[in-house]
Peer 1: 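I'd like to ask some things about the structure below.
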Amino acid sequence: MAGISGGGKSVMIRSILTSLAGAGGQELYLCDLKGGVELGLFKSLQCVKAFATTLSDVLETATVIKQEMIRRYSVMSMKIGLKLSTSNGTCLTVSNSVNRIIPSE
């Protein structure tokens, strides 16, 4: 999601996260490089598996997500044509203020 400053991106993200958290079955990995100001109200929810507020936290979270992705691909490759069924449910990563991660030119 992209837009101008003050355009409602964070409000939209919080609305989406509220819906997802209420639905159950998700694992949320949240990255808020505004020091937790934008997404902090979600960090204590049971479905939130990681809450990153610094670049080093984001890197650590990305490593955990990558390991889970590799694990799921391994399971899917063994069950070609079958639906992937895990106890982990849906895994979703949300990053607020990505421009703080990507260096400007």
Peer 1: Given side-chain contact (heavy atoms from CB on, under 4.5 Å), test E68 with I65 step by step and report yes or no.
Peer 2: CA-CA 5 Å; E68 176 62 12; I65 293 166; 5.7 Å; no
Peer 1: Nearest 0.5 angstrom please: L39 CG to L33 CG, how far?
Peer 2: 10.0 Å
Peer 1: To the nearest 0.5 angstrom, please state how far the OG1 atom of T61 sits from the OH atom of Y29.
Peer 2: 8.5 Å
Peer 1: Would you confirm whether T63, through its side chain, and L59, through its main-chain N or O, come within 3.5 Å as a donor-acceptor pair?
Peer 2: yes
Peer 1: Identify, with sequence neighbours excluded, every residue that meets side-chain hydrogen bond (donor to acceptor under 3.5 Å, both in side chains) alongside T54.
Peer 2: S56, D57
Peer 1: Taking side chain to side chain contact (heavy atoms under 4.5 Å, CB included) as the definition, give me every residue that meets it alongside T18, ordered by chain and number, with sequence neighbours left out.
Peer 2: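 Applying side chain to side chain contact (heavy atoms under 4.5 Å, CB included) to T18 gives F42.
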Peer 1: Who passes side-chain hydrogen bond (donor to acceptor under 3.5 Å, both in side chains) against S19, sequence neighbours left out?
Peer 2: none
Peer 1: Hey, quick one: are L41 and I16 part of the same hydrophobic cluster, counting side-chain heavy atoms closer than 4.5 Å, chains of contacts allowed?
Peer 2: yes
Peer 1: Identify each donor-acceptor pair in which a side-chain atom of residues 44-52 lies under 3.5 Å from a protein atom, sequence neighbours left out, and give them as a table.
Peer 2:
| unit_1 | atom_1 | unit_2 | atom_2 | d |
| --- | --- | --- | --- | --- |
| K49 | NZ | Q46 | O | 3.3 |

Peer 1: Are the side chains of V75 and R72 in touch, meaning some heavy atoms are under 4.5 Å apart?
Peer 2: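 When only atoms from C-beta onward are counted, R72 and V75 do not touch, as no gap falls below 4.5 Å.
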Peer 1: About how many Å separate CE of M12 and CG of L17, when rounded to the nearest 0.5 Å?
Peer 2: 11.5 Å
Peer 1: Which atom pair, heavy atoms only, marks the closest approach of L20 to Q26?
Peer 2: O-OE1, 3.4 Å
